[in-house]
Amino acid sequence: MGARKQGKFMLPEEFDRKKCKQWTVHRVADGRAFLWEHATDGTTVEWTFDGLVWAKSPTASHRDDEFRLYSDRVVEIKHPGASEVLSQLEVVDDGEPEDHDWTFKVAKFEDDDDLENYEQDSVRYVTVNKRRVCFMNSEGEQAVFLVEYGDPVAPGLASCRWGSEEGMMSGAGSTSLFRIAPDMGLIVYGGDVSDVASVVTGDEVSMVQAWVDATWDVYPGAGVAIAIELEDFDPEGTLDHEMRERWAAAFEEVKGDFGDTFSASIALGDVERNQLRAQLAQDSTYARVREALRCPSKDDGRALLAGLEDGDVAPFA
């Protein structure tokens, strides 16, 4: 049976990977390969490669292996429903890819910087729709998700970014919360923060609360940044025009590009935001920031404004 070139690797001539909407290729370390080609009518054609020639399998002899991930295989999957595939992937041996002698280059997997912030439970050389699959186990919770450019391919629930740029000194950091499953999230750190990603579980409010705690652990200004995102500012309209302009300038300054800057965003609905605000207000430091924003004419309000203007990201710490 003929073959179609794929770089140095050859696929069957009859197989057109661009036209086929769903397929899986396994390349084994010893040079063998398997291909599952799924047609739109629901039929599947299996191919096997012995290192020299591709041949169609007469029966579905390897069908159960399509989503089984062995340590000695590079697996490439194209599928219109990535989440459906992730739920079917199964790590089936305790080995690691580095245990094997590969007859072809796997450097793009070995040197993949996208996964450097993830402490994987099992390493497998597998992609779904050209995105790397990551496997994590955090306190007994198994998380399987796609990664692209270092971040999970998943909706973002919350993020906080901060930086400091004064003269020759500078620094920056970030935390982000991604929803990788209905009741599972992933906290990812960036910039100067070297912590590895961590899995959190629960409803949206619980996961965002866990992200708030994790962010506050690595950045003292988290409370102020998150309160500015969540809380109403001067709802009673107590400020005169001059003071309101001064506050507006301070808010704009901390979201800028120079000096001590920070910002936070939280993607929750109104009901969930209210629940989160109520929970955060149980913390005495957050409660002071909240009150300072709601009543900026009072002492805590004036102290917070002075802190913002002077680069003090945690005036009530």
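Computed from a predicted model, the values in this text were never measured in an experiment.
When only modelled atom types and interatomic distance are considered, E96 and S71 share no side-chain donor-acceptor pair under 3.5 Å. Defined by atom type and a distance below 3.5 Å, a donor-acceptor pair is present between the side-chain atoms of Y286 and E231. For the residue pair S159 / S176, no side-chain donor-acceptor distance below 3.5 Å is found, with atom types taken as modelled. In this structure, a donor-acceptor pair under 3.5 Å is absent between the side chains of D183 and T201.
The six-membered or imidazole ring of F15 lies away from that of W47, with a centre-to-centre distance of 6.0 Å or more. When ring centroids are compared, Y219 and Y189 stay outside the 6.0 Å threshold. For F233 and F251, the distance between ring centers is under 6.0 angstrom. A distance of 6.0 Å or more separates the ring centres of W23 and H79.
No donor-acceptor pair under 3.5 Å is formed between the side chain of R124 and the backbone N or O of V91. For the pair T43 (side chain) and A39 (backbone), a donor-acceptor distance under 3.5 Å is absent. Proximity of a side-chain donor or acceptor of T103 to a complementary backbone N or O of A29 within less than 3.5 Å is detected. Between the side chain of K130 and the backbone N or O of K78 there is no donor-acceptor pair closer than 3.5 Å.
One finds the CG atom of D312 at 9.0 Å from the CG atom of D260 (value rounded to the nearest 0.5 Å). Remark: T24 OG1 to E46 CD distance equals 10.5 Å, nearest 0.5 Å. For the atom pair CE (M10) and CG (L52), the distance works out to 11.5 Å, reported to the nearest 0.5 Å. To the nearest 0.5 angstrom, R32 atom CZ is 6.5 Å from R73 atom CZ. Atom CZ of R68 sits about 11.5 Å away from atom CG of D93, to the nearest 0.5 Å. In this structure, CG on D65 lies 7.0 Å from CZ on F34, to the nearest 0.5 angstrom.
Within the 4.5 Å cutoff, no side-chain heavy atoms of T175 are placed close to those of L177. A heavy-atom distance below 4.5 Å is not found between the side chains of M207 and V205. Inter-residue side-chain proximity for L89 and I77 is flagged as met; some heavy-atom pair is nearer than 4.5 Å. R132 has its side chain within reach of L115: a pair of non-hydrogen atoms, C-beta onward, lies under 4.5 Å apart. Looking only at side-chain heavy atoms (C-beta outward), W54 and L35 come within less than 4.5 Å of each other. In this structure the side chain of F178 never reaches within 4.5 angstrom of the side chain of V153, judged on heavy atoms. In this structure, the side chains of R277 and L280 stay at 4.5 Å or more apart for every pair of heavy atoms. In this structure, L230 and L276 have side chains that are in contact, with non-hydrogen atoms separated by less than 4.5 Å.
Salt-bridge check for R273 with E229: passed, with a basic side-chain N closer than 4.0 Å to an acidic carboxylate O. A salt bridge between R179 and E204 is present, with a side-chain N of the basic residue lying under 4.0 Å from a carboxylate O of the acidic one.
With a 4.5 Å cut-off between side-chain heavy atoms of Ile, Leu, Val, Met, Phe, Trp and Tyr, the cluster of Y70 takes in V92.
In this structure, E252 places its CD atom where only 12 or fewer heavy-atom neighbours from other residues, nucleotides or ligands lie under 6.0 Å away. More than 12 heavy-atom neighbours from other residues, nucleotides or ligands sit within 6.0 angstrom of CD on Q120. Atom CG of D101 sits in a sparse spot, with 12 or fewer heavy atoms from other residues, nucleotides or ligands closer than 6.0 Å. Shown here is D94, whose CG atom has no more than 12 heavy atoms of other residues, nucleotides or ligands within 6.0 Å.
Closest non-hydrogen pair, S174 versus G191, comes out as OG-N, 4.5 Å. Nearest heavy atoms, P80 versus K21: CD-O, 3.7 Å. Annotation for E66 and H26: closest pair O-NE2, 2.8 Å, computed over non-hydrogen atoms. Minimum interatomic distance between A225 and C160 (heavy atoms only, all atoms of both residues): CB-SG, 4.2 Å. In this structure, A281 and A287 approach most closely via the heavy-atom pair O-CB, 3.5 Å. Annotation for D151 and Y118: closest pair CA-OH, 3.8 Å, computed over non-hydrogen atoms.
Follow the hydrophobic side-chain contacts under 4.5 Å out from I266 and you reach L157 in the same cluster. Cluster membership check: I228 shares its hydrophobic cluster with V212, using side-chain heavy-atom separations under 4.5 Å among Ile, Leu, Val, Met, Phe, Trp and Tyr. In the hydrophobic cluster analysis, where Ile, Leu, Val, Met, Phe, Trp and Tyr join through side-chain heavy atoms closer than 4.5 angstrom, V289 is grouped together with L239. The hydrophobic clustering, which links ILVMFWY residues whose side-chain heavy atoms are closer than 4.5 Å, places M184 and V200 apart. Under the 4.5 Å side-chain contact rule for hydrophobic residues, L268 and I226 share a cluster.
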Next item on the list: In sequence, state the C-alpha distance, the side-chain angles, and the governing distance for R294 and E236, and then conclude on salt bridge (Lys or Arg N to Asp or Glu O under 4.0 Å).
Entry: CA-CA 8 Å; R294 294 177 63 83; E236 300 298 326; 5.8 Å; no
Item checked: side-chain contact (heavy atoms from CB on, under 4.5 Å) evaluation trace for V254 with W162 -> CA-CA 9 Å; V254 298; W162 60 90; over 6 Å; no
Notebook entry, point to check: Under the salt bridge (Lys or Arg N to Asp or Glu O under 4.0 Å) criterion, do E14 and K56 qualify, and how do the steps go?
Noted result: CA-CA 11 Å; E14 295 180 28; K56 288 184 179 179; 3.4 Å; yes
Next item on the list: Let me see the working for T285 and W216 under side-chain contact (heavy atoms from CB on, under 4.5 Å), right down to the final yes or no.
Entry: CA-CA 11 Å; T285 300; W216 219 328; 4.0 Å; yes
Next item on the list: In sequence, state the C-alpha distance, the side-chain angles, and the governing distance for F135 and L86, and then conclude on side-chain contact (heavy atoms from CB on, under 4.5 Å).
Entry: CA-CA 10 Å; F135 301 86; L86 294 179; over 6 Å; no
Next item on the list: Show your reasoning for whether side-chain contact (heavy atoms from CB on, under 4.5 Å) applies to V199 and L186.
Entry: CA-CA 5 Å; V199 176; L186 190 72; 3.8 Å; yes
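By the ring-ring contact (aromatic ring centres under 6.0 Å, His included) test, Y125 pairs with W102, F109, sequence neighbours left out.
For the salt bridge (charged side-chain N to carboxylate O under 4.0 Å, His left out) condition, no pair includes a residue of residues 187-198, sequence neighbours left out.
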